[in-house]
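In what follows, chains are A, B, ... by sequence order, proteins preceding strands, each numbered from 1.
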Amino acid sequence: MLKTVNLNYNYEDGKVALKNINIDLNKGNKIGIVGGNGAGKTTLFLSLIGYLKPDKGEVIFNDKKIKYNKKSLRNLRREVGIVFQEADKQIFYSNTYDDIAFGLRNLGYDEEIIKRKVDIIINLLNIEEFKDKPVHFLSHGEKKRVAIAGVLALDCKIIFFDEPLAGLDPSMSDNMINTMNNIVREGKKTVVSSHDMDFIYEYCDYVYVLNKGKVIDEGIPSKIFLNENTLNKANLKEPWLVKIHKKLNMPLFKNEEELYNFKRENIKG
Amino acid sequence: MLKTVNLNYNYEDGKVALKNINIDLNKGNKIGIVGGNGAGKTTLFLSLIGYLKPDKGEVIFNDKKIKYNKKSLRNLRREVGIVFQEADKQIFYSNTYDDIAFGLRNLGYDEEIIKRKVDIIINLLNIEEFKDKPVHFLSHGEKKRVAIAGVLALDCKIIFFDEPLAGLDPSMSDNMINTMNNIVREGKKTVVSSHDMDFIYEYCDYVYVLNKGKVIDEGIPSKIFLNENTLNKANLKEPWLVKIHKKLNMPLFKNEEELYNFKRENIKG
Amino acid sequence: MKKKYLVLIGLVLMFMPRYANAMHIMEGYLSPFWAGFWTIVSLPFVIVGFRKISKIVKENGNKKILIALMGAFVFVLSALKLPSITGSSSHPTGVGLGAIVLGPVTMSVIGMIVLLFQALLLAHGGITTLGANTFSMGIVGPFVAFGIYKLSEKIGWKKEVSIFLAASLGNLATYTVTSFQLAVAHAGASEGVMQLLVKFLSIFAITQIPLAIAEGILSVIVYNLISQY
Amino acid sequence: MISIALFANNSFIHLAIFSVMSIIVTIIAKIPIKVYFKMYLLPIAFILLSLIAFIFSISNNDITSLFSIKISSFFIIIREDSLIQAISLITRAFSTISCSYFLILTTPFNSLIKLLLKYKVPVLLIELTMLTYRFIFILLEEISKIYRAQDLKFGYNTMKNSFNSLGLLLRTLIVRMIKRYKDMIVSLESKNYDSQFYM
């Protein structure tokens, strides 16, 4: 659906930001993009939604090269949305409803349809409790949910999340992960960037590793995170489930539940 | 050195922010303050440095109640500094040296003394490599170190860190933890708040758990993080070392190294 | 809901200058006649400014964000304490810098929006006196600041001098107009306009002249810092 | 209510309005009395300052005055009519201020926007008002955090430091504002912004 072919992007000062990037978002429904700060994750996201025009190479959407005119970008962005790290930079209304409806109104929907769509999203994301509060009284986690709602309302097929867990406490993080799982269950695709390797390891079904603007590795998480070479090169840490696999001779659990089940079986046995 | 007695602080609207807080920073040199967003961690920090005046109760510094006049606050803040979460909001100069010297210059030191003090700190924090770069070219992690340098330059005995690892990638996080360990080795005290329980568990030697403005538990990390009741109440997660202790019948390792050593011994045995 | 508004007030009280040297005419200080009069006087300027802004945002819709950010900036500036020689503290108006950057016509609209929020959020000025305050802070202040800036540029003075004069005289002009507005509104049989005006000017001068100087100095510092960047 | 307060010329009506408003705000809307009266500190400063001008006059005689002090050949006097005028001004000010506080404390901003729409205020002006409102809170939070960090490093302990720190504060704010502007444009584009904020 969305992929890149030999994508190259240079900053204005000529420095290379992205070099020969080939990624294909068909490889999974929970795709992770990992890499240190400055590896090029955000630049890649912005290229994928057509905001940055590559210097070389293409972004392919539904088997067609994307064009950088208003109409085709508009079509792209109906299907591909992005949730930025700082909610305050993507909420423009002090009224939650208006903000969620913003993207829909830009597309010229009828108010009636908008209301229906927004209500569904408000329900889905559990926003009802605070939907009448002015935005500046919302907590960081609540604002993030409003920002996500604004993107979900557009009924995008692919949603990018830039550091979705940044600044969230453990319980809000769980909440966010739940929300993202629900989105995938609705048949949508999520693409996340994060510094939290435990989260990436458990959440994602396919991972791209970026380092200095290049994809240095890709594959399913268990493959990526067992490759010490990749982790060292990109300055990443092993998720703890991988650590106990390697150091304690445990099986490689995909997630915590597997570990708990394993223990139970062991006790039974 | 610094402690509170029945500290109470209410927001302007009368909402309780801190309730009967009794904490004593003599209990450790790496003290952790944990709790969900909105539990009152930042408010507590600001009360401890005299920026917020409690509605009831006291802050005791060197066995004396702190007074809220200019002179005594000045004395307090020479000894107690705080590094905030967002580096961009506490770095004001485009030149690293000037920024580190900011506090010292405000106190009216001679330029010569300032130079000596700043050079020591630059050395300690290993920021020589980028001390001549304009601040806006520095990475997030580098900026954070500059912010820390600005506080350390004042020769504070106690330094608060509000979410020191927020937004840092794994390798920058390691760097930050190293820096904090160095600071403790210099005979200073660090007090940290964080959402990262793995970090708190491994780094701290004493932990206070805050929930809705109250201290609901305190003690050494292994005590706190084994208490499921506390963790549930404050919506915190178990560190993974605690998880493997409980679920896999492993000994309770204080840090990763212990686990690795254990493994080696096991292999030998 | 009410609780939430309290948070807002908390925020506001936190920023509220401890000693207010109010520049704006308070709610209730003008009779309906004068409130209406100054609204009508301000209207043409606001309309011209509005037309100009309409043209700007038609060319580039993103400029709406920029203009609103500027408005918010002027607002937070006015919520800031400014060190002043008299020992009290008060706020800068931001009128000088704003006028130099955006032009005086645009400032009239931004000034009006800012004044509306100062009345609503800071209880500073008032809704019925919005017209009068727009005239002094949104129109006369910016025009004087801008005029002086252009003039001293033409004479060839140093940029710092131009900015200092523009910002501080813009500030002074605002308070002079405020005094005049109060004087004409309250002149009666016993005291003439001139008598009242002299009294207002001399009382506000004590607080306002140091403040105008402070704003001038601050504007120069900000200008220097930004051109270094 | 505010227009009654403004048009009325009777101090008793003013005091009545003031009392009713204060009671509604503190008892029915449950705004703490302490906070409510703290809000009056600012207008009181202005009122006191301007009252000096209203009440005291300089004259070369003290024939019509209620009170006078002689300073060399002048008298500083208080005239009866100006005192009456001042009292009526104070009561009017208090009653209109109480009305606007009532408005501030009980009307959500969005209802205000709806009102503006109803009265056919140009849409662009409403858009700008709405955006400004949103950004005010963002910038207030920013400025308070920057100010706090400076204050804790002794940035405001002398007059000279204060000017320097304020300059740095504003520069930091402006730099961050420019960054914010750029990021917001990206976010607007991703939502197909067509130069219009619909309400």
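More than 12 heavy-atom neighbours from other residues, nucleotides or ligands sit within 6.0 angstrom of NZ on A:K157. Heavy atoms from other residues, nucleotides or ligands lying under 6.0 Å from CD of A:E128 number more than 12. Within a 6.0 Å sphere centred on NZ of A:K212, other residues, nucleotides and ligands contribute 12 heavy atoms or fewer. At most 12 heavy atoms of other shown residues, nucleotides or ligands fall within 6.0 angstrom of atom NZ in A:K214. Environment of CG in A:N69: crowded, with over 12 heavy atoms of neighbouring residues, nucleotides or ligands closer than 6.0 Å. Atom NZ of A:K117 has more than 12 neighbouring heavy atoms from other residues, nucleotides or ligands inside a 6.0 Å radius.
Between chain D and the options A:I49, A:V80, A:D88, A:L107, the largest number of non-hydrogen pairs under 4.5 Å is found for A:D88. Across A:N106, A:L76, A:D98, the residue that shares the most heavy-atom pairs under 4.5 angstrom with chain D is A:N106. Interface summary for chain A: among D:I138, D:I113, D:V186, the most heavy-atom pairs under 4.5 angstrom belong to D:V186.
Atom OH of A:Y51 and atom CG of D:L188 lie 9.5 Å apart (nearest 0.5 Å). If you take CE on D:M184 and CD on A:E86, they are separated by 9.5 Å, rounding to the nearest 0.5 Å. With values rounded to the nearest 0.5 angstrom, D:S190 atom OG is found 11.0 Å from A:F160 atom CZ. Annotation: the span from A:N95 atom CG to D:K114 atom NZ amounts to 7.0 Å, rounded to 0.5 Å. The distance from atom CG of D:D194 to atom CZ of A:R74, rounded to the nearest 0.5 Å, is 6.5 Å.
Between D:F109 and A:S94 there is a side-chain heavy-atom pair separated by less than 4.5 Å.
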Determine whether A:D99 and D:K191 satisfy the following criterion, side chain to side chain contact (heavy atoms under 4.5 Å, CB included), listing intermediate values before the conclusion.
CA-CA 11 Å; A:D99 200 79; D:K191 285 191 182 177; 4.0 Å; yes
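Heavy-atom distances place both the backbone and the side chain of D:E189 under 4.5 Å from chain A. The parts of A:Y93 that come within reach of chain D are both its backbone and its side chain, each placing non-hydrogen atoms under 4.5 angstrom from that chain. Only the side chain of A:L46 comes within contact range of chain D, with at least one heavy atom under 4.5 Å from a heavy atom of that chain.
In this structure, D:F197 and A:F92 have tilted ring planes: the angle between them lies in the 30° to 60° band. Using the six-membered ring where Trp is involved, A:H136 and D:Y133 have ring planes that are perpendicular, over 60° apart on the 30 and 60° scheme.
Contact detail for A:I91 and D:R134: the closest heavy-atom pair is O-NE, 2.9 Å.
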